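Notes to accompany the following structure.
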Amino acid sequence: MPELPEVETVLSSLLPKIKGKKIKTVRVRHKDVVGWPETAIKFSQGLCGKKISGGFRRGKLLLFTLDEEGKLIFHLRMTGRLYYSDKIYQPRKHAHLVLDFSGGGTLIFEDTRRFGRVYLVKTGEEKYAGNLEKLGPEPLDPEFDLKAFSQALKQKKGRIKGLLLNQSFIAGLGNIYVDEILFRSQIHPETSAQNLEDRAICRIYTSMKEILNEAIAGRGTTFRDYRDGEGRAGDFQDLLKVYGREGEKCPYCSDYIERKKVAGRSSFFCPCCQKDDVNDSGSVRKR
DNA sequence: AACATCTCCTGAAAGC
DNA sequence: TGCTTTCAGGAGATGT
């Protein structure tokens, strides 16, 4: 499920392939994936002839600039794939949007569960695309320092797991990386944010940056569906310490990884290393 | 404000 | 073996 590192990987693998290319034909094969389905015809017309001039990531959104005119914005949600092919492309079952470029090459948006969305917006109207306007700070932004993180956290009352998943609190984290961050920080997912000591907040902040950077270096996590912009799987699944590892031995102690529903999501944690509401008893180890 | 629950959707896995 | 049920989850909507 694409989170920040996966979206970043899609962007970096895709952009060199499509930058500067002009869209020749647009095939909307399932109009529900278009942000405003009733405008699917306008969507196609608006995209024809446009050139992809650049792209960037914000939270879990992929934004491609169409010169100065507008942006093409994707949210991959659970099972979305966005990739480039330079072969003659025969649309597969869940290929909902297919863009053919002048001079060859195809950009394909596939999404088995159809939770993903694609938006076409004019410059200045980007905020209408998905949750873009409501997104919190970028966790890897150098200007988002520990002080800013700590201050934001201390204003909140909820549990840490739900807070880190909340895109308006911080943008780009999903279930996998929140569990990994909390494991490295040695914080139980149900710990209330208010009860966190400064040292615990610092561990979360540091782990967050480390794990996101490591996952980007590993080109993302593939459990089943995720592929990068060239259709390749990621490598980071092998390096996950807790996510999806219920019943396996904790890599740092003799206990076993447990699974519990927190904030409506499966949460994996070590009950020994991540004790609820005991953030800093002096037993924290360097990881 | 915080949190639970439902919704969307498909296919894999588990249950019988 | 084969059919049926459950489950996974990002995020928005809704209810408490």
Side-chain angles (χ1 to χ4, degrees), chain A residues 1-8 10 29-38 57-63 73-82 91-97 109-119 127-136 139 152-182 188-196 212 215 220-227 233-234 237 240 242-247 257-269 276-277:
Chain A
M1 18 205 124
E3 305 180 24
L4 188 154
E6 288 74 30
V7 178
E8 191 69 34
V10 171
R29 305 180 70 248
H30 203 306
K31 66 181 172 62
D32 283 0
V33 304
V34 175
W36 300 275
E38 67 279 5
R57 180 194 59 74
R58 175 81 175 95
K60 300 174 192 172
L61 289 167
L62 274 161
L63 302 93
I73 303 177
F74 291 87
H75 197 311
L76 303 177
R77 291 282 186 102
M78 298 296 302
T79 55
R81 292 177 177 175
L82 187 65
R92 306 204 300 185
K93 186 176 178 185
H94 299 293
H96 305 311
L97 175 68
F109 176 54
E110 293 178 352
D111 188 359
T112 305
R113 287 178 209 177
R114 252 186 285 141
F115 288 178
R117 289 292 179 270
V118 55
Y119 305 87
K127 65 178 181 181
Y128 299 116
N131 59 359
L132 186 59
E133 192 184 26
K134 297 174 197 131
L135 290 177
L153 233 159
K154 283 174 175 172
Q155 289 171 21
K156 294 288 184 178
K157 282 189 171 177
R159 296 180 206 159
I160 189 63
K161 168 109 190 194
L163 206 48
L164 294 177
L165 284 173
N166 184 344
Q167 301 300 297
S168 63
F169 179 73
I170 192 159
L173 302 180
N175 203 34
I176 295 174
Y177 295 111
V178 168
D179 278 7
E180 293 297 311
I181 289 163
L182 292 177
H188 191 285
E190 288 176 305
T191 309
S192 72
Q194 264 192 340
N195 290 351
L196 290 168
L212 291 174
T221 297
T222 298
F223 265 92
R224 180 175 302 145
D225 299 288
Y226 167 71
R227 296 290 184 279
Q237 57 281 358
L240 297 175
V242 286
Y243 185 85
R245 299 197 185 280
E246 182 188 16
I257 305 302
E258 285 184 10
R259 171 183 181 150
K260 184 178 182 182
K261 238 180 179 63
V262 180
R265 313 264 173 247
S266 294
S267 297
F268 299 87
F269 61 99
D276 194 6
D277 289 342

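Because the structure is predicted, anything quoted here is derived from the model rather than measured. Note on naming: letters A, B, ... go to the chains in the order of the sequence lines (proteins, then strands), and numbering restarts at 1 for each one.
- As a whole-Å value, the separation of Lys261(A) NZ from dA8(C) C1' is 8 Å.
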Listing time: all N or O pairs from protein to nucleotides 5-9 of chain B that are below 3.5 Å?
residue: dC9(B); atom: O4'; partner: Arg113(A); partner atom: O; Å: 3.3
residue: dC9(B); atom: O3'; partner: Arg114(A); partner atom: NH2; Å: 3.3

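- Dashed line: the shortest gap from a side-chain N or O of Arg224(A) to OP1 or OP2 of dG11(B) is not under 4.0 Å.
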* To do: Give the C-alpha distance, both sets of side-chain angles, the deciding distance and a yes or no for side chain to side chain contact (heavy atoms under 4.5 Å, CB included) between Leu132(A) and Lys127(A).
  => CA-CA 6 Å; Leu132(A) 186 59; Lys127(A) 65 178 181 181; 5.8 Å; no
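- Here Tyr243(A) reaches the OP1 or OP2 of dG9(C): one of its side-chain N or O atoms lies under 4.0 Å away.
- Proximity of a side-chain donor or acceptor of Gln167(A) to a complementary backbone N or O of Lys134(A) within less than 3.5 Å is not detected.
- For Lys260(A) and Glu190(A), the salt-bridge test passes: some basic side-chain N is under 4.0 Å from an acidic carboxylate O.
- The residue among Met78(A) and Gly130(A) whose nearest nucleotide of DNA chain C lies closer to the 5′ end is Met78(A).
- The CG atom of Asn195(A) sits 14 Å away from the P atom of dA2(B) (whole-angstrom rounding).
- A close approach under 4.0 Å does occur between a side-chain nitrogen or oxygen of His75(A) and OP1 or OP2 of dA11(C).
- Remark: the backbone N or O of Asn131(A) is not paired with any side-chain donor or acceptor of Glu133(A) at under 3.5 angstrom.
- No engagement by Thr79(A) is indicated, since no non-hydrogen atom pair under 4.0 Å with the nucleic acid exists.
- Using modelled atom types, no side-chain atom of Arg58(A) and backbone atom of Lys60(A) make a donor-acceptor pair closer than 3.5 Å.
- For the pair Arg81(A) CZ and dT10(B) P, the interatomic distance rounds to 16 Å; values are reported in whole Å.
- To the nearest angstrom, P of dA1(B) lies 15 Å from CZ of Phe169(A).
- Interface remark: the Arg159(A) side chain does not form any donor-acceptor pair with the dA4(B) base, using a distance-only criterion of under 3.5 Å.
- Distance Arg58(A) CZ to dG10(C) P: 18 Å, rounded to the nearest Å.
- Between Gln167(A) and dA11(C) there is a side-chain polar atom (N or O) within less than 4.0 angstrom of OP1 or OP2.
- At a threshold of 4.0 angstrom between heavy atoms, the contacts of Met1(A) are confined to the sugar-phosphate backbone, with no base atom among them.
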* Residues Asn175(A), Lys161(A); criterion side chain to side chain contact (heavy atoms under 4.5 Å, CB included); working and verdict -> CA-CA 9 Å; Asn175(A) 203 34; Lys161(A) 168 109 190 194; 2.6 Å; yes
* Report the C-alpha separation of Thr222(A) and Arg227(A) in whole Å, then their side-chain angles, then the decisive distance to 0.1 Å, and conclude whether the side chain to side chain contact (heavy atoms under 4.5 Å, CB included) test is met. => CA-CA 7 Å; Thr222(A) 298; Arg227(A) 296 290 184 279; 3.4 Å; yes
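- Positionally, the nearest nucleotide of DNA chain C for Asn175(A) lies more toward the 5' end than for the other of Asn175(A) and Asn131(A).
- One finds no side-chain N or O of Lys134(A) lying less than 4.0 angstrom from the OP1 or OP2 phosphate oxygen of dA11(C).
- Comparing Lys93(A) and Gln155(A), the nucleotide of DNA chain B nearest to each residue sits closer to the 5' end for Gln155(A).
- At the phosphate of dA2(B), neither OP1 nor OP2 sits under 4.0 Å from any side-chain N or O atom of Lys161(A).
- In this structure, CZ of Arg265(A) is placed 15 Å from P of dC7(C), rounded to the nearest angstrom.
- More than 12 heavy atoms of other shown residues, nucleotides or ligands fall within 6.0 angstrom of atom CZ in Phe223(A).
- Remark: P of dA8(C) and CG of Leu165(A) are 15 Å apart, rounded to the nearest angstrom.
- Between the C1' atom of dT10(B) and the CG atom of Asp111(A) lies a distance of 10 Å, rounded to the nearest Å.
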